Engineer: 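This structure is in structure tokens; I'll ask about it shortly.
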Amino acid sequence: MEKTNEHIITACVGTNVDHQSNITKAREILDSTFADCRFSRVMQTLPIGMENTNVRFANMLVVFKSTFDTEEVVSTLKHIEALCGDTRIARRRGEIVMDIDMLKYDEERFHLSDWQRHYVKALMEEMQLLQLTNV
């Protein structure tokens, strides 16, 4: 049996600016960049660890396949953030145009504190129930 170099990655996508447009753009770019993308529903949340608590975030999870190693996945996700218009200047103003964090690469977990967030737990559970992933 031949071993495959394909990995299963789970990432969290979030924005607090122009939710609909930014989530749509991120989905399109992710879908054209990675294989077999599966997206959760979008969940609105209050910001965590930010001063401006009036600005809600739109968050979703995506599971996809890739032959990239972890560094290549993270680099590609950061590039997608930039393609969506995310900048350091905007972040200093509290505007998170796009934030995409790799949570899982095969069985290895990243951003461990994010796994405790209510929306990550809820969206992971929903995706498991819908059999979109084995997260």
Side-chain angles (χ1 to χ4, degrees):
M1 184 175 188
E2 190 175 314
K3 188 174 181 178
T4 178
N5 289 340
E6 200 165 61
H7 305 279
I8 298 175
I9 294 103
T10 303
C12 187
V13 178
T15 180
N16 70 357
V17 179
D18 196 9
H19 296 169
Q20 177 107 17
S21 175
N22 287 330
I23 288 290
T24 298
K25 187 170 188 173
R27 282 182 67 130
E28 289 171 356
I29 297 170
L30 286 161
D31 220 12
S32 66
T33 304
F34 296 109
D36 197 25
C37 288
R38 308 257 191 246
F39 297 94
S40 73
R41 70 180 172 94
V42 176
M43 181 182 254
Q44 298 247 341
T45 62
L46 291 172
I48 298 171
M50 293 181 71
E51 293 176 22
N52 186 352
T53 58
N54 296 329
V55 179
R56 291 190 175 270
F57 273 79
N59 299 285
M60 71 178 173
L61 298 182
V62 59
V63 177
F64 56 87
K65 294 178 182 175
S66 178
T67 58
F68 292 171
D69 64 27
T70 57
E71 292 81 15
E72 290 171 311
V73 171
V74 170
S75 175
T76 302
L77 294 178
K78 295 302 162 201
H79 180 68
I80 293 170
E81 289 176 353
L83 289 174
C84 288
D86 196 62
T87 65
R88 288 183 181 170
I89 293 169
R91 284 182 179 238
R92 281 195 285 268
R93 288 191 308 256
E95 296 174 5
I96 311 300
V97 178
M98 186 52 57
D99 185 41
I100 309 173
D101 293 323
M102 181 173 67
L103 297 179
K104 192 173 180 187
Y105 183 92
D106 289 332
E107 297 306 315
E108 186 177 358
R109 289 183 175 201
F110 297 83
H111 294 273
L112 298 180
S113 62
D114 289 1
W115 287 83
Q116 300 308 311
R117 294 181 178 181
H118 73 283
Y119 62 91
V120 171
K121 287 180 179 181
L123 294 174
M124 289 259 192
E125 185 175 311
E126 288 174 17
M127 290 183 83
Q128 284 177 327
L129 290 172
L130 295 171
Q131 298 180 343
L132 295 177
T133 180
N134 62 350
V135 293

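A quick note: this is a predicted structure, and the numbers were derived from the prediction, not measured. In this chain, numbering begins with 1 at the start of the sequence shown.
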Engineer: His7 side chain to Thr70 main-chain N or O, any donor-acceptor pair under 3.5 Å?
Structural biologist: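 Checked: no pair found.
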Engineer: More than 12 heavy atoms of other residues, nucleotides or ligands under 6.0 Å from NE2 of His111: is that the case?
Structural biologist: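 For His111, atom NE2 is crowded (more than 12 foreign heavy atoms under 6.0 Å).
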Engineer: On a heavy-atom basis, which atom in Asp31 and which in Cys37 lie closest, and how many Å separate them?
Structural biologist: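 For Asp31 versus Cys37, the nearest heavy atoms are OD1-CB, 3.3 Å.
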Engineer: Step by step, work out the side chain to side chain contact (heavy atoms under 4.5 Å, CB included) result for Leu30 and Arg27.
Structural biologist: CA-CA 5 Å; Leu30 286 161; Arg27 282 182 67 130; 5.8 Å; no
Engineer: Are Leu77 and Phe34 close enough, and set up right, to give a side chain to side chain contact (heavy atoms under 4.5 Å, CB included), and what steps lead you there?
Structural biologist: CA-CA 10 Å; Leu77 294 178; Phe34 296 109; 4.0 Å; yes
Engineer: Apply the side-chain contact (heavy atoms from CB on, under 4.5 Å) test between Leu103 and each candidate in Val120, Leu112, Val62; give the one that qualifies.
Structural biologist: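 Looking at Val120, Leu112, Val62, the match for Leu103 under the side-chain contact (heavy atoms from CB on, under 4.5 Å) is Val120.
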Engineer: Measure the CD1-CZ distance between Ile89 and Arg92 for me, rounded to the nearest 0.5 Å.
Structural biologist: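 Rounded to the nearest 0.5 Å, the CD1-CZ separation comes out at 6.0 Å.
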Engineer: Find the distance between CD (Glu126) and CD (Gln128) and round it off to the nearest 0.5 Å.
Structural biologist: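 Glu126 atom CD to Gln128 atom CD measures 11.0 Å (nearest 0.5 Å).
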Engineer: Under 4.5 Å between any side-chain heavy atoms of Ser75 and Phe68, yes or no?
Structural biologist: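 No. Closest side-chain heavy atoms not under 4.5 Å.
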Engineer: Are Ile9 and Ile80 connected in a single hydrophobic cluster, I mean Ile/Leu/Val/Met/Phe/Trp/Tyr linked by side-chain heavy atoms less than 4.5 Å apart?
Structural biologist: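 Looking at the clustering, Ile9 is in the same group as Ile80.
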Engineer: Nearest heavy-atom pair of Asp101 and Asp99: which atoms, and what distance?
Structural biologist: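 Closest approach of Asp101 to Asp99, heavy atoms only: OD2-OD2, 3.2 Å.
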Engineer: What is the distance from atom CZ of Arg88 to atom CG of Asp86, rounded to the nearest 0.5 Å?
Structural biologist: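 One gets 10.5 Å once the value is rounded to the nearest 0.5 Å.
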Engineer: Looking only at atom types and distance, does a side-chain atom of Thr15 sit under 3.5 Å from a main-chain N or O of Val97, one as donor and one as acceptor?
Structural biologist: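 Such a contact is found between Thr15 side chain and Val97 backbone.
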Engineer: Roughly how far apart are Asp18 CG and Thr24 OG1, rounded to 0.5 Å?
Structural biologist: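 The OG1 atom of Thr24 is 9.0 Å from CG of Asp18, to the nearest 0.5 Å.
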Engineer: Kindly determine whether Ile96 and Arg91 satisfy side chain to side chain contact (heavy atoms under 4.5 Å, CB included), including the steps that lead there.
Structural biologist: CA-CA 5 Å; Ile96 311 300; Arg91 284 182 179 238; 3.7 Å; yes
Engineer: Before accepting this row, confirm whether a basic side-chain N of the pair Glu81/Lys78 lies closer than 4.0 Å to the acidic partner's carboxylate O.
Structural biologist: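 Here Glu81 pairs with Lys78 in a salt bridge, since their nearest N and O are under 4.0 Å apart.
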Engineer: Work out which heavy atom in Val42 is nearest to a heavy atom in Ile23; give both atom names and the distance.
Structural biologist: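 Looking at all heavy atoms of both residues, the closest pair is CG2-CG2, 3.8 Å.
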Engineer: I need the minimum non-hydrogen distance between Cys84 and Met98, along with the two atoms involved.
Structural biologist: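 Shortest heavy-atom contact: CB-CB, 3.7 Å.
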Engineer: Consider only side-chain heavy atoms of I, L, V, M, F, W and Y, link residues closer than 4.5 Å, and tell whether Val63 and Tyr119 are in one cluster.
Structural biologist: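 Val63 and Tyr119: one cluster.
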Engineer: Would you say His118 and Thr45 make side-chain contact, with heavy atoms under 4.5 Å?
Structural biologist: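 When only atoms from C-beta onward are counted, Thr45 and His118 do touch, with a gap below 4.5 Å.
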Engineer: Is Lys25 reaching over with its side chain to a backbone N or O of Leu83, donor-acceptor style, under 3.5 angstrom?
Structural biologist: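 Judged by distance alone, yes, a pair lies under 3.5 Å.
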Engineer: Heavy atoms, side chains only, cut-off 4.5 Å: are Val74 and Glu71 in contact?
Structural biologist: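 They are not in side-chain contact.
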Engineer: Rounded to the nearest 0.5 Å, what separation is found between the CZ atom of Phe57 and the CE atom of Met43?
Structural biologist: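 Phe57 CZ to Met43 CE: 15.0 Å, rounded to 0.5 Å.
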Engineer: Show, in sequence, the C-alpha distance, side-chain angles and deciding distance for Thr33 and Phe64, and conclude whether the side chain to side chain contact (heavy atoms under 4.5 Å, CB included) test is met.
Structural biologist: CA-CA 10 Å; Thr33 304; Phe64 56 87; over 6 Å; no
Engineer: To check you understand the geometry: which heavy-atom pair defines the closest contact between Lys121 and Trp115, and what is its length?
Structural biologist: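 Answer, listing the atom of Lys121 first, then Trp115: CG-O, 3.4 Å.
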Engineer: Kindly say whether Asp69 contributes a backbone atom to a donor-acceptor pair with the side chain of Glu72 at under 3.5 angstrom?
Structural biologist: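 Yes.
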